[in-house]
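Let me begin by handing over the structure; questions about it come next.
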Amino acid sequence: MSLLEVRGLGKTYVTKRSFLGRPVDRLVAVDDVTFSVEAGETFAVVGESGAGKSTTGRLILRLIEPDAGSIVFDGIDVRALSRRDFRPYRRRMQMVFQDAYGSLDPRVTVHESVGEPLFIHFRTGRDERLAKAAELLERVGLGRHLFDRYPGELSGGQLQRIAIARALTLNPALIVCDEPVAALDVSIRAQVLNLMKDLQEQLGLAYVFISHDLSLVEAFADRIAVMSQGRVVEQGTVDEIFTDPKHAYTKQLLAAIPSPVPQALRESSLG
Amino acid sequence: MTTTARTGSLLDVRGLSVSFPSPEGHVTVASDVTFDVGAGEVVGLVGESGSGKTVSSLAISGLVATQGGRVEGSARLDGTELIGLPEKELWRLRGAQVSMVFQQAIRSLNPGLTVGEQIAETVRRHRDVSRKAAWARAVEMLDRVGIPNPSVRAREYPHQFSGGMCQRVMIAMALCCDPRLLIADEPTTALDVTVQRRILDLLLELRAEQDIAILFITHDLGVIAETCDRVVVMYAGEVVERGTMLDLFRRPRHPYTQGLLDAIPRGRGRRLVSIPGTVPPPAALPAGCRFAARCRYAEAGRCDTVHPVLRPVGDGRVARCVRADEIELAGVVTA
């Protein structure tokens, strides 16, 4: 049994209503999306802006309520649960966003911020929260001298480490990461991705990795779903997608990636 | 040897420094920046955030002083000194001789005017032509940058254009008075890959047609590899390496350049090579090499004591590393 099974997931927005409030125009943001994620693997969702990949990520966690399909997590259809009954499952599925600064409270030290989910879910006492937070912050490689800083005093790479630590507070099995390194500099990006890989190995985490960057996905993911206009047009292992893409859109996407190996050097390295 | 010896450069930047006032006095965010761009050449200015690449380009186009910054050094465009030029003369040059396009094209456009009006306005600022002729030029430029149905789209407002189309409008506006130099600051960073591909192709086409020089500011080495003739690498406010694009990718001479090349994802399941640590803030730069604390080749007592100069390392290349001759660095095609 897979950790997460998404079947026929859909979300439609009404973009225009008539005078009487009847929907006139609709936008199908996510249309019949089906995939599964195994424990401990990285499943990438790629596509261009407007493809529906971020919406898909949010639908999985019910940050946005889907209007079609099922979300089976650990054998339970969590979409059918009430908000209240969903909470224990929600603890085990966390999210990391591109804008780490925006996802942290600017008036709370990062040390307290990382422990906060424990208070929200379990009313855990302050000492215990801070102890857990310290352990996690150390795990993500944040120096102790930075624990009592506020988000505004830290760099993008440090903030993303903190956001990851916070996502780990409730011991999740799955983290949905929406462009987690897109805003980071190349040298920092590698640090954060390597950290994510290490955490995955140590904790057996599964990632749903949402990204527009195919070369990153090639290095980081196990399996990939390619989305376009709300639909999954193709999915497969990294090998399948990169060596033998079937769908025209996937081919187009792969062809558009600027190669970091200059044309002239590519030729010389072959001949 | 180095590019300083080359005459006839279109843009010649020498010893450019930019500082901004702060509570702790002036903080220098770019120091002693030297490079040149030949006519019709595409030069990449690469670096991460805080490297000083954008602020250097803003200084060249006279856009730093307006923000309270102080600029020293020299930047000559076709022999004309740009640094310290009165605002009035800069106005004449900007658009006509040197133009800029930015990452957020839609924010650079006036939301209250049609795109045709904005381009025509630029044309009329620099050229003594009728409204009608200016409008015709606007439509011609929109056509040139690949906007379908240009005479209709010229009457539309920026919000009616997608991100990629907005960037085309920006490029049309930048090029409407045939400048000799285009400064493109991360022009494709916010765009989807397929759109990015089209914009890059467009820039290279325009360069081939009009012999326009491009200073391409980006953090993306893939974009550099596909567009540039020469590359200037910046780190923590200074140039650390200069060379032709091929030389640089084949065999970098500064450890930071190698680090950037290493950080490019290369293939399935391969762990990325990261550069440990972070860029030092401009107010707290170390005494020695600014990269030493992150450098795997750094030697105590040498690299962390004396600030290295940018020096020739052979084959017309320069690097700011005291160990450049002792270490063998790997490029992108070693595997």
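Residue numbers begin at 1 in each chain, while the letters A, B, ... track the order of the sequences. Worth saying up front: this structure is predicted, and the values here are computed from it rather than measured.
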A/I188 and B/R294: which non-hydrogen atoms are nearest, and at how many Å? CD1-NH2, 3.9 Å
Taking the side chain as C-beta and beyond, is there a heavy-atom pair between B/F249 and A/L265 under 4.5 Å? yes
What distance do B/T194 atom OG1 and A/E48 atom CD have between them, rounded to the nearest 0.5 Å? 3.0 Å
Under 4.5 Å, heavy atom to heavy atom, which residues of residues 222-229 of chain B contact chain A? B/G222, B/V223, B/A225, B/E226
Minimum heavy-atom separation for B/S274 and A/Q191, please, with both atom names. CB-N, 3.5 Å
What is the minimum heavy-atom distance between A/A190 and B/V273, and which atoms define it? CB-O, 3.7 Å
Using the test salt bridge (charged side-chain N to carboxylate O under 4.0 Å, His left out), find all partners of A/E201 that sit at least two apart in sequence or belong to another chain. none
Quick check on A/I257 against chain B: is it the side chain, the backbone, both or neither that has a heavy atom closer than 4.5 Å? backbone
Do you see a donor-acceptor pair shorter than 3.5 Å between the side chains of B/E48 and A/S187? yes
Considering heavy atoms only, which positions within residues 135-142 of chain A lie below 4.5 Å of chain B? none
Might you point out which heavy atoms bring B/V332 and A/P260 nearest each other, and give the distance in Å? CG1-O, 4.0 Å
Contacts with chain B made by residues 216-229 of chain A (heavy-atom distance under 4.5 Å), listed by residue number: A/L216, A/E218, A/A219
Find the one option among B/G277, B/G163, B/G47 whose heavy-atom pairs under 4.5 Å with chain A are most numerous. B/G277
